[in-house]
Amino acid sequence: MANSFDRIYAVVKKIPRGTVASYGQVALLAGNPRWARVVGYALHANPDPEGIPCYRVVTKDGRTSPAFAFGGADIQRALLEADGIEFTEDGRVDMAKYGWTGLG
DNA sequence: GGCGTGACTTATA
DNA sequence: ATATAAGCCACGC
């Protein structure tokens with residue numbers, strides 16, 4: 001049972017390649033702008049890492065959390081770069097350029 | 001159902 | 001810009 005989780009998973013799975021979405025964005029698209037924490041929890045559970053690219057989900061700063069190392073902080077960057085996403089010297093993603101608006 | 005915690009976000013100091 | 005505080009929802013005990 002995971003009404004909220006299923007929503008979140010569905011949204012995260014819908015994130016197109018080459019784009020990233022913030023927790024708040026996913027939460028909002030999921031139907032609730034307050035699910036930011038739940039989104040993190042849902043990704044933490046990550047029951048389908050092959051269908052749920054948690055690495056495409058970052059904070060509103062386009063940054064990742066210090067504990068986000070689901071396999072290595074560098075892993076996330078590598079995966080995003082593999083999608084064609086560029087990183088700033090701050091190690092952040094250009095949300096204005098790669099920030100997924102959910103429009104497709 | 002209550003308590004504590006969390007891969008978040010916003011507001012205040 | 002860093003540090004606190006509050007809010008939201010879900011999970012585990």
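What you see below is based on every heavy atom in this structure, not just the backbone, and it leaves out hydrogens, waters and symmetry mates. Letters A, B, ... mirror the listed sequences (proteins, then strands); counts begin at 1.
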Could you state the [atom1]-[atom2] distance from [X] to [N], rounded to the nearest angstrom?
| X | N | atom1 | atom2 | answer |
| --- | --- | --- | --- | --- |
| A:D6 | C:dA10 | CG | P | 12 Å |
| A:L43 | C:dC11 | CG | P | 14 Å |
| A:L29 | B:dC8 | CG | C1' | 15 Å |
| A:I52 | B:dA7 | CD1 | C1' | 13 Å |
| A:R7 | C:dC9 | CZ | C1' | 15 Å |
| A:Y9 | B:dA7 | OH | P | 14 Å |
| A:L28 | C:dC9 | CG | P | 14 Å |
| A:R92 | C:dA1 | CZ | C1' | 12 Å |

Each nucleotide N or O in nucleotides 10-12 of chain B that has a protein N or O under 3.5 Å away: list the pair and distance.
unit_1	atom_1	unit_2	atom_2	d
B:dT10	OP2	A:K60	NZ	3.2

| query | Heavy-atom distance under 4.5 Å between the side chains of A:T59 and A:T64, does that happen here? | reply | no
| message | Within the structure provided, determine whether A:I15 and A:V20 are in side-chain contact (heavy-atom separation under 4.5 Å). | response | no
| message | Looking at A:T64, I'd like to know whether one of its side-chain N or O atoms comes within less than 4.0 Å of OP1 or OP2 on B:dA7. | response | no
| Taking only side-chain nitrogens and oxygens of A:S4, does any of them come within less than 4.0 Å of OP1 or OP2 of C:dA10? | yes
| task | Applying side-chain contact (heavy atoms from CB on, under 4.5 Å), run through A:F87 and A:V93 and close with a yes or a no. | result | CA-CA 5 Å; A:F87 271 74; A:V93 181; 3.7 Å; yes
| Taking only residues two or more places apart in sequence or in another chain, which ones pass salt bridge (charged side-chain N to carboxylate O under 4.0 Å, His left out) with A:R77? | A:E81
Which side-chain N or O atoms in residues 95-104 of chain A pair as donor and acceptor under 3.5 Å with protein atoms at least two apart or in another chain?
unit_1	atom_1	unit_2	atom_2	d
A:Y98	OH	A:E86	OE2	3.2

| query | Among pairs that include at least one residue of residues 51-60 of chain A, which meet salt bridge (charged side-chain N to carboxylate O under 4.0 Å, His left out), considering only residues two or more places apart or in two chains? | reply | A:R56-A:D83
| said: Under 4.0 Å, heavy atom to any atom of DNA chain B: which of residues 33-41 of chain A qualify? | reply: A:A36, A:R37, A:G40
| said: I'd like to check the side chain to side chain contact (heavy atoms under 4.5 Å, CB included) partners of A:D90; sequence neighbours left out, ordered by chain and number. | reply: A:T88, A:R92
With a 3.5 Å cut-off and sequence neighbours excluded, list the donor-acceptor pairs that the side chains of residues 28-50 of chain A form with protein atoms.
unit_1	atom_1	unit_2	atom_2	d
A:D48	OD1	A:E50	N	3.4
A:D48	OD1	A:G51	N	3.1

| remark: Between A:K13 and A:P53 the two heavy atoms that sit nearest each other are CA-CD, 4.5 Å
